[in-house]
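Working notes, beginning with the structure itself.
Heavy atoms only: backbone and side chains are in, while hydrogens, waters and symmetry mates are out.
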Amino acid sequence: MNFDLTEDQRAFQDLARGFAADSLAPHAAEWDEKETFPVDALRQAAELGFGGIYCKEEFGGSGLTRLDAAIIFEELSAGCVSTSAYLSIHNMATWMIDRFGNQEQRSRWVPGLASAQLFASYCLTEPGAGSDAASLRARAERDGDHYVLNGSKAFISGGGASDVYVAMVRTGEAGPKGISCIVVEKGTPGLSFGKKERKLGWNSQPTAMVVFENCRVPVANRLGEEGDGFKIAMMGLDGGRLNISACSLGGARASLDAAREYMGVRSQFGRKLADFQALQFKLADMATELEAARLMVHRAAASLDQGHPEATMYCAMAKRFATDVGFKVCNDALQLHGGYGYIREYPIERYLRDVRVHQILEGTNEIMRVIIARRLLSS
């Protein structure tokens, strides 16, 4: 058990940290305010190898581990949580194609995705199927060498902007065994998008409904076999939960650093805030909880890399804990800033808004508890 990063990990940690400081943080407030999807910045990140972090190198991936990805996403999110979170979803969808696609599918899509010349979205949630994902109703009916898709997907990050939509649709019976995974390309007749959602946070990435209306997609776009879709979706989410947890770590760390700096310069009652023991204790608790969350995320990532039989449970534990802690640390940092934390001239309120949704997506934290409890009680 070695808690030190390797030389290579320290190198790409420094690379990601420098990119976040130079290319994300200076623009994050403007992207948030103007709801700008920063395509150029995402492609610059991909040039550094962050477009297909844990995809195989054969088609342009970086061939790194889930632990490596967690390190990278924490650093990127310290610059801009929203942009980094979209990149994490893009990585998840790209990995699903790289892992479950055949050679033709991988060679067709992964190079463009890994370089961010193409962007990807993950399409599972529906208006009537959120936490109960296995009840999804979007259907794909076989018609010769095509599927005809009808239905809709809700709250899709990148909806309308992405080029590739990795969609879970029903090809068979009710329940998880009737779900298949099909890649739908932008521009396919019958594919359309709802209005761009107005959100509390995550404003540097568009969110919209994805609509299928007699959308004809070649059978050749199906990943795996019919009925494999739910398994593919859940395996994608194991890594996705780690990615989003790491994004919470980055936002929380940046907020903690800002609070520590603020306490050193702000004075009240004739003393620096840093001299009040109650506030010292608050800062100490924030740092302790953040470190505990980081250790859980790294342990879960290592278990996924190793194929540990309890990896799914560890990922759920890490997601539940790290995203709760991430929001709490941001909220405490805002409190330490007082009224200044609430105004947009300081970045704390943006970190708070951006990390809040991490407790909801990739499986709500209530569903994480369900996954953990089921595993514990099945032993």
Carboxylate-amine/guanidinium proximity below 4.0 Å for R106 and D98: yes
Salt bridge or not between E362 and K319? Use side-chain N to carboxylate O under 4.0 Å. no
How far apart are the C-alpha atoms of R241 and M368, what are their side-chain angles, what is the distance that settles it, and do they pass the side chain to side chain contact (heavy atoms under 4.5 Å, CB included) test? CA-CA 10 Å; R241 287 165 183 157; M368 296 306 98; 3.3 Å; yes
On a heavy-atom basis, which atom in C215 and which in L191 lie closest, and how many Å separate them? SG-N, 4.0 Å
May I ask you to say whether R17 pairs ionically with D14, meaning some side-chain N is under 4.0 Å from a carboxylate O? no
Got a donor-acceptor contact below 3.5 angstrom from the Y122 side chain to the A233 backbone? yes
In Å and rounded to the nearest 0.5 Å, what is the CD to CZ distance from Q117 to R43? 4.5 Å
Closest non-hydrogen atom pair between A16 and E75, with its separation: CB-CB, 3.7 Å
Please examine the side chains of V355 and T323, heavy atoms only from C-beta on, and report whether any two atoms are closer than 4.5 Å. no
What one should report as the nearest heavy-atom pair of S135 and R170 is C-NH2, 3.9 Å
In short, G159 meets S121 closest at the heavy-atom pair N-OG, 4.1 Å
Under a 3.5 Å threshold, yes or no: a donor from one side chain and an acceptor from the other, between N91 and S88? no
Under the rule for ring pair (Phe, Tyr, Trp, His ring centres under 6.0 Å), what residues qualify as partners of Y86, not counting sequence neighbours? F37
Taken to the nearest 0.5 Å, the spacing of S84 OG from I244 CD1 works out to 9.5 Å
Inspect the surroundings of CZ in R271 and state if more than 12 heavy atoms from other residues, nucleotides or ligands are less than 6.0 Å away. yes
Using a cut-off of 6.0 Å, state whether more than 12 heavy atoms not belonging to K186 lie near its atom NZ. yes
Please say whether more than 12 non-hydrogen atoms of neighbouring residues, nucleotides or ligands are located less than 6.0 Å from CD in Q280. yes
Using a strict threshold of under 4.0 Å (side-chain N to carboxylate O), is an ion pair present between E185 and R108? yes
OG1/T125 to CG/D132 distance, rounded to the nearest 0.5 angstrom? 11.0 Å
Any residue meeting side-chain hydrogen bond (donor to acceptor under 3.5 Å, both in side chains) with R369, in chain and number order, not counting sequence neighbours: none
Do the ring planes of Y262 and H337 sit parallel (below 30°), tilted (30 to 60°) or perpendicular (above 60°)? parallel
Flag the pair E7 and R10 as a salt bridge only when some basic side-chain nitrogen lies within less than 4.0 angstrom of an acidic carboxylate oxygen. no
Matching residue for F50 among L76, L42, L64 - test: side-chain contact (heavy atoms from CB on, under 4.5 Å): L76
Within the supplied structure, the quantity of interest is the number of heavy atoms (other residues, nucleotides, ligands) at a distance under 6.0 Å from Y342 OH; does it exceed 12? no
With a 6.0 Å cut-off (strictly less than), is the heavy-atom count around CD of E291, excluding the residue itself, greater than 12? yes
Min side-chain heavy-atom separation L113-F59 under 4.5 Å: no
Looking at E33 and R350, is there a salt bridge between them, counting it only when a charged N and a carboxylate O are closer than 4.0 Å? no
After noting the C-alpha distance and the side-chain angles of L124 and V166, does the key distance pass the side chain to side chain contact (heavy atoms under 4.5 Å, CB included) rule? CA-CA 8 Å; L124 176 63; V166 182; over 6 Å; no
Among R294, Q13, H298, which residue satisfies the side-chain hydrogen bond (donor to acceptor under 3.5 Å, both in side chains) criterion with E74? R294
Residue pair D68 / T65, side-chain heavy-atom distance below 4.5 Å: yes
State whether K195 and E197 are salt-bridged, where the test is any N-O pair (Lys NZ or Arg NE/NH1/NH2 against Asp/Glu carboxylate O) under 4.0 Å. yes
Stepwise side chain to side chain contact (heavy atoms under 4.5 Å, CB included) check, C80 with W31: CA-CA 9 Å; C80 180; W31 293 339; 4.2 Å; yes
At their closest point, which heavy atom of V297 faces which heavy atom of S245, and how far apart are they? CG2-CB, 3.7 Å
Spatial distance of atom CD1 (I372) from atom CG (L377) [nearest 0.5 Å]: 11.5 Å
Hydrophobic clustering (ILVMFWY, side-chain heavy atoms < 4.5 Å, transitive) - are M209 and V184 grouped together? no
What's the verdict on side chain to side chain contact (heavy atoms under 4.5 Å, CB included) for L149 and T188, showing C-alpha distance, side-chain angles and the deciding distance? CA-CA 11 Å; L149 277 60; T188 302; over 6 Å; no
Hydrophobic clusters here meaning ILVMFWY residues chained together by side-chain heavy-atom distances under 4.5 Å, can you tell me if W202 and M92 are in one? yes
S23 side chain to A20 main-chain N or O, any donor-acceptor pair under 3.5 Å? no
When you look at CD of Q277, are more than 12 heavy atoms from neighbouring residues, nucleotides or ligands closer to it than 6.0 Å? no
Side-chain heavy atoms nearer than 4.5 Å, only ILVMFWY residues, links allowed to pass through others: does that put F269 and F281 together? no
All heavy atoms of A93 vs all of A120, minimum pair found to be CB-CB, 3.7 Å
Between Y54 and W95, what is the ring plane arrangement, given parallel below 30°, perpendicular above 60°, and tilted in between? tilted
Any non-hydrogen side-chain atom of M96 less than 4.5 Å from a side-chain atom of V183? no
Does R353 pair with D32 as a salt bridge, N-O distance under 4.0 Å? yes
If a pair satisfies ring pair (Phe, Tyr, Trp, His ring centres under 6.0 Å) and one of its residues is in residues 143-174, list it, with sequence neighbours excluded. Y165-F193
Between V329 and L279, is there shared hydrophobic-cluster membership here, with clusters defined by ILVMFWY side-chain heavy atoms closer than 4.5 Å? yes
Find the distance between NE2 (H358) and CZ (F327) and round it off to the nearest 0.5 Å. 11.5 Å
Hphob cluster co-occupancy, Y340 + M263, side-chain heavy atoms under 4.5 angstrom: yes
When rounded to the nearest 0.5 Å, the distance separating CZ of R66 from CG of L242 is 7.5 Å
Would R375 and E310 pass as an ion pair if we require N to O under 4.0 Å? yes
